Amino acid sequence: MNIISGTALAKEIKTGLAADISAISARRGRAPKIALVLVGEDPNSASYVRNKGKTSAELGIESDTHHLPETVTQEALIATIDELNRDVTVDAILVQLPLPQHIDTEKILNTIDYRKDVDGLHPINAGKFSCGEKAILPCTPRGILSLLRYGHVEIAGKHAVVVGRSNLVGKPVAQLLLRENATVTLCHTQSRNLADMVQQADILVLAMGCPGAVTPDMLKPGVTVVDVAINYIDNKLCGDLYMACHLPDLEAKAAAITPVPGGVGPMTITSLMQNIFEIYLERN
Ligand code: GUN
């Protein structure tokens with residue numbers, strides 16, 4: 001079984017990116033800059049945002065974190081984003097999700113200038129992407145496609161089954177695989193016969209965050225599994241399918257899998273860095 005290492009691929013891409021960023025920043029007289037907006041005190045979100053700032057710094061990208069209290073009003077959050085939209089020194093804006101219940105996430109994502117929308121979540125970017133136009137791609141789907149290419153996984157003509165339909169992962173991954181000429185089935189919590197669908201997958205993307213819902217016995221021999229989930233079981237990080245107890249059975253069934261940790265996670269942040277750099281290049 002081929003373990004498709006996101007850690008190794010991320011390292012390779014980041015080395016190239018750092019060199020490109022250094023050369024172009026010197027020529028332009030300024031580095032790319034991302035504004036990271038964090039609302040509230042969720043420790044996971046805070047850790048993700050810290051990591052995004054740290055990786056940016058390693059690659060020569062400037063970052064500013066705008067940390068707003070959990071109780072911030074929607075109007076105040078919109079005012080912060082409006083200011084970042086107008087700030088010519090800011091190339092890219094990322095509002096860390098999820099946002100507190102009292103905030104309308106859709107409205108916030110709509111407020112970001114779509115040209116600075118580094119997550120590709122603004123309806124203009126999502127619409128352009130869905131029409132096959134050039135658009136900023138959401139980071140996790142972009143990372144997944146890079147991993148499949150890196151693992152030499154054939155996509156065209158294959159049956160890709162995506163489990164999970166979020167705007168952040170499931171929906172855009174399904175569209176991306178369709179663009180790569182896969183036959184795509186998109187499953188979700190209401191899908192009947194999930195086991196039957198999973199059994200048909202040549203490429204299986206698991207983005208449910210529900211460990212144990214899919215087990216190795218359901219897999220078609222030779223499948224490639226992309227495990228997007230991050231779960232903690234007994235204080236150990238694992239995926240929806242990639243977990244110690246399943247490894248011998250996976251070994252017998254799957255042709256390839258992305259591990260957890262060290263698979264999709266490092267590629268999501270690397271794709272974010274690629275998106276920041278591409279937006280910066282477009283802005284001149
Ligand atoms: N929360 C979890 N993943 C993401 C992501 O890719 N972007 C944003 N903005 N928030 C997230």
Side-chain angles (χ1 to χ4, degrees), residues 6 10 34-56 61 63-68 70 72 77-78 80-81 84-85 90-101 103-126 129 135-147 162 164-176 205-210 226-232 237 239-240 258 260-261 263-279:
I34 180 163
L36 299 163
V37 179
L38 173 65
V39 179
E41 306 303 327
D42 177 78
N44 287 329
S45 290
S47 152
Y48 292 142
V49 167
R50 256 195 321 275
N51 215 1
K52 287 167 185 174
K54 184 168 155 270
T55 309
S56 297
I61 295 170
S63 74
D64 264 347
T65 299
H66 302 260
H67 190 176
L68 305 172
E70 182 85 25
V72 70
L77 179 53
I78 287 175
T80 299
I81 295 169
L84 296 170
N85 284 340
V90 170
D91 297 290
I93 302 169
L94 182 144
V95 178
Q96 185 65 30
L97 303 177
L99 290 167
Q101 288 275 321
I103 306 248
D104 179 346
T105 300
E106 211 172 293
K107 187 144 198 199
I108 296 304
L109 294 175
N110 268 285
T111 303
I112 299 171
D113 179 335
Y114 78 94
R115 290 159 299 193
K116 296 188 178 188
D117 165 38
V118 73
D119 266 322
L121 295 175
H122 189 286
I124 291 182
N125 285 319
F129 171 45
I136 300 162
L137 291 185
C139 303
T140 303
R142 180 176 181 163
I144 290 172
L145 188 62
S146 301
L147 280 166
V162 178
R165 60 174 156 181
S166 67
N167 288 338
L168 214 50
V169 184
K171 272 192 243 171
V173 166
Q175 282 188 336
L176 205 49
V205 180
L206 295 174
M208 288 171 294
C210 185
V226 178
D227 198 335
V228 186
I230 298 175
N231 305 297
Y232 283 92
L237 204 55
D240 277 346
T258 61
V260 182
V264 174
M267 282 310 299
T268 293
I269 195 154
T270 301
S271 303
L272 173 67
M273 299 298 127
Q274 291 177 302
N275 278 358
I276 298 169
F277 185 50
E278 284 167 16
I279 292 174

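Counting starts at 1 for both ligands and their atoms, following the listed order. Quantities reported herein were computed from a predicted structural model and do not represent experimental measurements.
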message: Name the residue from D91, N125, L272 that meets the side chain to side chain contact (heavy atoms under 4.5 Å, CB included) definition with V118.
response: L272
- request: Without swapping roles, check the side chain of T258 against the backbone of G263 for a donor-acceptor pair under 3.5 Å.
  value: no
- line: Result for side chain to side chain contact (heavy atoms under 4.5 Å, CB included) between I112 and one of L94, V37, D117 points to D117
- request: Measure the shortest side-chain to side-chain distance between I269 and C139 over non-hydrogen atoms and say whether it is less than 4.5 angstrom.
  value: no
field: Side chains of L68 and L77 in contact at under 4.5 Å (non-hydrogen atoms)
entry: yes
message: So I81 and V95, do their side chains get closer than 4.5 Å, heavy atoms only?
response: yes
Which pairs of nitrogen or oxygen atoms, taken one from ligand 1 and one from the protein, are under 3.5 angstrom apart?
residue	atom	partner	partner atom	Å
ligand 1	1 (N)	Q96	NE2	3.2
ligand 1	1 (N)	L97	O	2.9
ligand 1	7 (N)	D119	OD1	3.1
ligand 1	7 (N)	D119	OD2	3.3
ligand 1	9 (N)	V95	O	2.8
ligand 1	9 (N)	D119	OD2	2.6
ligand 1	10 (N)	L97	N	3.0

